[in-house]
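Shown next, in structure tokens, is the structure this report addresses.
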Amino acid sequence: MIAKIGRSSSLYGALAYNHHKVEKGQGQILLMNKMMESTDGTYTIPQLMRSFDPYLAANQKTEKHTLHISLNPDPNDKVSDKDFVKMAEEYMNGMGYGEQPYMVFKHTDIDRTHIHIVSVCVDENGRKISDRFEKRRSMNMCRQLENTYNLLPAAEGQKVKNNMVFKPVDYQTGNIRHQIASVIRNIADVYSFKTLGEYNALLSLFNIAVEKIEGELHGKLQRGLVYFALDTNKHKIGNPLKASRIGRAAQLPAVESHFLKSKKSILQSNKTEIKGWVDNALKVSIHEKDFIEKVRSMGINTVIRRNEAGRIYGMTFIDHNSKTVWNGSNLGKEYSAAVFNDLWKDQEHLKRPSNEKQAEIELPPTNQFLPLQLHPLFGFLNDDNDDLRDTESVDSFPGLLPTVQGEDYEEQVFSQQMRKWKKKRKR
């Protein structure tokens, strides 16, 4: 189990976020500890706030007085409401918040059922409750709860950021922004990629494409990224999403910063190792399909880009062992697209298995992303270069993708909306 502790200055926002889930039928209140209860079991946010007012009035110096905690069992754990309540009580007691007013909400809007706890970190006498060694104490409490309730243990030393479910985007299920953001906000914490082409190749495994936009708007130079969902055939589907609608991690400065960080952090041993695996696969494979299957068995996905004439112009390897992405030419001249094109040019019928369609994707060549045009009224518009329709073979193999628990992206979006609402009210 994993616990996430958030602190903020907006008690109203934390309560509103969870109350909104309840109103939508995506959550329920499991416990109200030292809270004023209503006779009919229904609540408004101002009613809930009253239980905390004396505590906040006694201490007006602590800026981030609100606690918003989520307890996340493994998706395979089946936890009853009764056990969720007990776990919340034991966790809050162990963390020193057992005598505080707090509410426990169960969220059921995603596959991973989990609970949120909202409280304040100042007691009734106005004293701030100590948060010394909070992370260590929280981890110890999680291990204790795992033992008590027979929960699947989180990997030792594994960080929350590495415990994300990375699911390919499914356009049919809706909420595309949420789905894309769930991948984008966390993928840089797990994988190293050095160029926009490598980033795009990695995202293609999750049915996402990214493009760089450049142009002038009202006389000012604009640079940024836009993201697209892809269907099962790797066609763009739906409207593009500006990076600003997803979050800071999706925006160009953060992505470019990750490029630089990756270039510095990737070890030469990673490069040597993947070259060895590719070499071994080439020696024993008899054609392209065979090669793809061989490297996949070693934990490596391949993304192959071809133009309309069928010529390979992009070759990218995604190593899930070292969590690194490599453009073929960056590994060495002997792994460039031209070399593989010459090797497989007479094997057209063996490119993909007979029961698979070669994917088509509307993207320019790797590392050469054409700028989108800017429109003063409608924002970013794609240029009408329909002749740049190339093909991309994506070796998607779900077993290679990381499978862990995810953050609640909607909470961040809700908080952003609350801040915008407050600014409008001030104006």
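Positions are given from 1, in the same order as the sequence printed here. Keep in mind it's a predicted model, so treat the numbers as computed, not measured. In what follows, every heavy atom counts, from backbone to side chain, and hydrogens, waters and symmetry copies are set aside.
- Inspection of the H320 and N301 side chains reveals an N or O donor paired with an N or O acceptor under 3.5 Å.
- Seen from the ring of W326, K194 counts as a face-on cation partner, given the 6.0 Å and 45° thresholds.
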Report the C-alpha separation of I129 and Y97 in whole Å, then their side-chain angles, then the decisive distance to 0.1 Å, and conclude whether the side-chain contact (heavy atoms from CB on, under 4.5 Å) test is met.
CA-CA 8 Å; I129 298 172; Y97 301 113; 3.7 Å; yes

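- In this structure, F259 and T195 have side chains that are not in contact, with every pair of non-hydrogen atoms separated by 4.5 Å or more.
- Remark: N18 CG to H20 NE2 distance equals 11.0 Å, nearest 0.5 Å.
- Looking at V118 and L11, their side chains come closer than 4.5 Å, going by heavy atoms from C-beta outward.
- For the pair A229 and V169, the tightest heavy-atom approach, listed with the atom from each and the gap, is CB-CG1, 4.1 Å.
- Not counting sequence neighbours, the partners of E146 by the side-chain hydrogen bond (donor to acceptor under 3.5 Å, both in side chains) test are R143.
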Go through it in stages, so that I can follow the logic: the residues are N327 and Y335, the test is side-chain contact (heavy atoms from CB on, under 4.5 Å), and I'd like the CA-CA distance, side-chain angles, deciding distance and then a yes or no.
CA-CA 9 Å; N327 181 275; Y335 309 100; over 6 Å; no

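- The CD atom of E198 sits 12.0 Å away from atom CG of L203, with the distance rounded to the nearest 0.5 Å.
- A side-chain N or O of T324 and one of S322 form a donor-acceptor pair less than 3.5 Å apart.
- Of all heavy-atom pairs between S119 and F52, the closest is CA-CE2, 3.9 Å.
- Between M1 and M87 the shortest heavy-atom distance is SD-CE, 3.4 Å.
- Shown here are the side-chain hydrogen bond (donor to acceptor under 3.5 Å, both in side chains) partners of Y91, two or more places apart in sequence or in another chain: S138.
- L67 has its side chain out of reach of I117: every pair of non-hydrogen atoms, C-beta onward, lies at least 4.5 Å apart.
- Between the side chains of Y149 and E90, at least one donor N or O sits under 3.5 Å from an acceptor N or O.
- The number of heavy-atom neighbours closer than 6.0 Å to CG of N147, taken from other residues, nucleotides and ligands shown, is above 12.
- T173 and Q179 share a side-chain donor-acceptor pair at under 3.5 Å.
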Evaluate the criterion side-chain contact (heavy atoms from CB on, under 4.5 Å) for residue pair Q26 and K106; output intermediate values, then yes/no.
CA-CA 8 Å; Q26 298 175 343; K106 182 174 79 167; over 6 Å; no

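- Proximity of N207 to D231: side-chain heavy atoms (C-beta onward) are nowhere separated by under 4.5 Å.
- Atoms CZ and CZ, on R132 and R136 in that order, are 10.0 Å from each other to the nearest 0.5 Å.
- Put simply, the side chain of I176 reaches to within 4.5 Å of the side chain of Y171, judged on heavy atoms.
- Contact record, Y191 with D319: CE2-O, 4.4 Å, taken as the closest heavy-atom pair.
- A tilted orientation is assigned to the rings of H116 and Y17, their planes being inclined by 30° to 60°.
- Salt-bridge formation is detected for the pair E214/K212: a Lys NZ or Arg NE/NH1/NH2 atom is positioned less than 4.0 Å from an Asp or Glu carboxylate oxygen.
- Expressed to the nearest 0.5 Å, how far OG of S130 lies from CZ of R137 amounts to 6.0 Å.
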Take Y227 and I184 through the side-chain contact (heavy atoms from CB on, under 4.5 Å) test and state the conclusion after the steps.
CA-CA 10 Å; Y227 293 82; I184 300 298; 3.5 Å; yes

From CA spacing to verdict: salt bridge (charged side-chain N to carboxylate O under 4.0 Å, His left out), R223, E256
CA-CA 12 Å; R223 296 176 67 248; E256 289 182 333; 3.0 Å; yes

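- Looking at every heavy atom in both residues, N150 comes nearest to D77 through O-OD1, 4.3 Å.
- Between atom NZ of residue K24 and atom OG1 of residue T108 there is a gap of 10.5 Å, rounded to the nearest 0.5 Å.
- Contact between I300 and I274 at its shortest, heavy atoms only, is CD1-CG1, 3.9 Å.
- Ion pairing of E63 with K128 is absent here, as no side-chain N (NZ or NE/NH1/NH2) approaches a carboxylate O to less than 4.0 Å.
- In this structure, H107 and Q28 have side chains that are not in contact, with every pair of non-hydrogen atoms separated by 4.5 Å or more.
- Between W277 and K294, every side-chain heavy-atom pair lies at or beyond the 4.5 Å cut-off.
- The line from NE2 of H114 to CD1 of I2 is 12.5 Å long, rounded to the nearest 0.5 Å.
- Between F291 and W344, the ring planes lie tilted relative to each other; the angle falls in the 30° to 60° range.
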